[in-house]
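Here's the structure, in C-alpha cells; my notes come after.
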Amino acid sequence: MSRNTADRKAPLVELPIATSDGIFLAHYSERGLAELDFPNTDGLIAPAGHGNAEPRKPAHPEHATDPQRIPTQFLRWHRTTTEALKRVLAGRAVKALPPLDWTGKTEFQQSVWREMLKLGPGQTKSYGEVAKAIGKPKAVRAVGGACGANPIPVVVPCHRILAAHQKIGGFSSGLDRKRDLLARERINL
DNA sequence: GACAGATGAAGGA
DNA sequence: TCCTTCATCTGTC
C-alpha cells in the first residue's frame with residue numbers, strides 16, 4: 001500500500017465553470033486539473049471526493065484568482081475542462097481532457113480512475129468488472145472506495161460504475177445526481 | 001493495527 | 001425474491 005498523501009500539493013488556481021447545472025469549481029495545480037467540485041442544489045459548492053466536507057460559497061469571478069495573472073497554460077486547460085464537462089453533462093463523448101494531477105493518490109486509485117476514463121457515454125461497468133480489469137478481481141470493495149475518493153467526478157466518470165446486476169450502487173455527491181447523469185446518457189437501471 | 005466501506009456471492013426462508 | 005451473513009481488499013486514522 002502506498003500512502004503518499006503528504007506530498008500532495010495544494011491546487012494553485014481555482015476557476016469556476018458555469019453550466020446549466022450550476023457553477024462547478026475546477027482546481028488546477030502546476031501539473032493539471034486536480035479537483036472538480038459539484039455545485040449544490042442550494043447554490044453552494046460541494047467538494048468532491050470527501051462527502052462530509054462542508055459546502056462552501058462558490059467563488060464569484062471577482063473573488064476567484066485574478067484572470068490577468070493566470071498563466072495561459074491554466075486558461076488552456078480550463079477551456080478543455082469546460083468543454084469536456086459540458087459534453088459529459090450533455091451525454092456526449094469527451095474529445096479531449098487536460099492533464100490530470102493525481103499527485104499524492106495511490107497507484108490503486110489511479111488505476112481505478114484510468115479504467116473509468118476508458119468508458120464512453122452510455123457504457124457502464126460494475127465495481128467487480130473494474131476490479132477484474134485492473135487485475136485485482138477481489139478488490140471490489142476497494143474499487144468502491146477509490147470511486148468515492150475520485151477528486152474529479154463527471155470528467156472522470158465514476159457515475160458509470162454500477163453495482164452488480166445493474167443496481168445503482170452509491171455516489172459521493174448523491175444518488176439523485178448519479179441517476180441524473182446516467183439518464184442523460186440514456187442508461188436505464 | 002484496527003476499522004470502515006459506493007461489493008459480491010452464497011445460503012436460507 | 002428478499003434478507004442475512006461472510007469473505008475479501010484497500011484506504012484512513
Side-chain angles (χ1 to χ4, degrees), chain A residues 1-11 21-22 24-27 29 31-42 44-56 84-85 88-89 91 94 97 100-189:
Chain A
M1 190 192 317
S2 56
R3 193 187 313 183
N4 47 354
T5 50
D7 54 18
R8 181 92 173 93
K9 287 190 177 170
D21 288 44
F24 287 74
L25 191 62
H27 302 251
S29 74
R31 296 167 194 258
L33 177 62
E35 282 181 36
L36 184 66
D37 292 341
F38 267 108
N40 262 346
T41 49
D42 56 6
L44 299 179
I45 289 172
H50 22 77
N52 53 356
E54 290 289 321
R56 61 180 188 277
L85 180 61
V88 174
L89 292 175
V94 171
L97 284 175
L100 303 179
D101 179 11
W102 287 334
T103 308
K105 303 299 182 183
T106 66
E107 274 301 312
F108 178 81
Q109 289 173 332
Q110 292 182 35
S111 59
V112 169
W113 299 336
R114 273 194 293 269
E115 198 59 37
M116 292 182 201
L117 285 173
K118 293 179 186 173
L119 296 175
Q123 293 181 301
T124 61
K125 270 190 177 178
S126 69
Y127 296 100
E129 285 171 327
V130 173
K132 277 183 206 162
I134 63 174
K136 297 175 188 286
K138 293 180 178 175
V140 286
R141 296 200 69 156
V143 168
C147 292
N150 175 18
I152 314 173
V154 184
V155 174
V156 178
C158 50
H159 59 280
R160 293 178 189 147
I161 308 300
L162 306 176
H165 312 300
Q166 292 290 100
K167 285 192 289 187
I168 190 156
F171 197 56
S172 57
S173 301
L175 288 180
D176 286 344
R177 203 184 296 274
K178 183 171 184 173
R179 283 195 199 93
D180 182 52
L181 287 167
L182 292 172
R184 292 176 196 212
E185 299 179 11
R186 295 181 170 76
I187 297 169
N188 295 311
L189 302 175

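These numbers come from the heavy atoms of this one structure, side chains and all, not from hydrogens, waters or symmetry mates. Convention: sequence-line order gives letters A, B, ...; per-chain numbering from 1.
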So, the side chain of A/Lys178 versus the backbone of A/Gly170: is there a donor-acceptor pair under 3.5 Å, distance only?
yes
What string of B, S and - do you get for nucleotides 3-10 of chain B 5' to 3' if you count protein non-hydrogen atoms under 4.0 Å?
--BBBS--
Listing for DNA chain B: consecutive Watson-Crick or G-U pair runs of at least 3, distance cutoff 3.5 Å, ranges ordered by first number, gives B:1-5 with C:9-13, B:7-13 with C:1-7
Listing request: all side-chain hydrogen bond (donor to acceptor under 3.5 Å, both in side chains) pairs with a residue in residues 135-144 of chain A, at least two apart in sequence or in separate chains.
none
Salt-bridge present (A/Arg179, A/Asp176; N to O < 4.0 Å):
yes
Tell me whether A/Arg184 contacts the main-chain N or O of A/Leu89 through its side chain, where contact means a donor paired with an acceptor under 3.5 Å.
yes
A/Leu117 vs A/Leu100 side-chain heavy atoms within contact, under 4.5 Å
yes
Side-chain donor or acceptor of A/Gln109 paired with backbone N/O of A/Ala149 under 3.5 Å
no
Should the pair A/Lys118-A/Glu115 be classified as a salt bridge under the 4.0 Å nitrogen-to-oxygen rule?
yes
